[in-house]
Amino acid sequence: GDDRDSYGLNAVCTHLGCVVPWNAADKKFKCPCHGSQYDRTGKVVRGPAPLSLALAHVEEGASGEVVLKPWTETDFRTNLPPWWK
């Protein structure tokens, strides 16, 4: 399948490491510390954050839990190798 159909995001701001919550009203991830913003795919759309949120693969574990696996492929948002490797 297409990797874009199912992926996880590490919701840690790439500026100084604050946790970035989803803002449903604005349909963006918005950092409460310094105002960085990310779109629904985790792509940075407003600084000071320099990079998009890290991607992860999402799988279902044996007992139904969510399991995150390292994303080592090209970042589909930038067409560049992942910065978080």
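Here, residue 1 is the first one in the sequence, and each next residue gets the next number.
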Got a second to check how far Lys28's NZ is from Gln37's CD, nearest 0.5 Å?
4.0 Å

Results of side chain to side chain contact (heavy atoms under 4.5 Å, CB included) for Glu65 - residues two or more places apart only:
Ser63, Val67

Determine whether a donor-acceptor pair (N or O, by modelled atom type, separation under 3.5 Å) exists between the side chain of [X] and the backbone of [Y].
X: Arg77; Y: Thr41; value: yes
X: Thr74; Y: Phe76; value: no
X: Trp84; Y: Trp71; value: yes
X: Asp39; Y: Lys43; value: yes

Please name the pair of heavy atoms, one in [X] and one in [Y], separated by the smallest distance, quoted to 0.1 Å.
X: Val58; Y: Leu68; value: CG2-CD2, 3.7 Å
X: Tyr38; Y: Ala49; value: OH-CB, 3.1 Å
X: Thr14; Y: Trp83; value: CG2-CZ2, 3.5 Å
X: His57; Y: Pro70; value: CD2-O, 3.3 Å

Distance-only donor-acceptor pairs under 3.5 Å for side chains of residues 16-26, two or more places apart:
residue: Asn23; atom: OD1; partner: Ala25; partner atom: N; Å: 3.2
residue: Asn23; atom: OD1; partner: Asp26; partner atom: N; Å: 2.8
residue: Asp26; atom: OD2; partner: Lys30; partner atom: NZ; Å: 2.5

Please examine the side chains of Val44 and Leu51, heavy atoms only from C-beta on, and report whether any two atoms are closer than 4.5 Å.
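Counting from C-beta outward, Leu51 and Val44 never come under 4.5 Å.
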
Is Glu59 close to Lys69 at the side-chain level, that is, under 4.5 Å between some pair of heavy atoms?
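Answer yes - side chains close enough.
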
Check side-chain hydrogen bond (donor to acceptor under 3.5 Å, both in side chains) between Thr72 and all other residues, then give those that pass, not counting sequence neighbours.
none

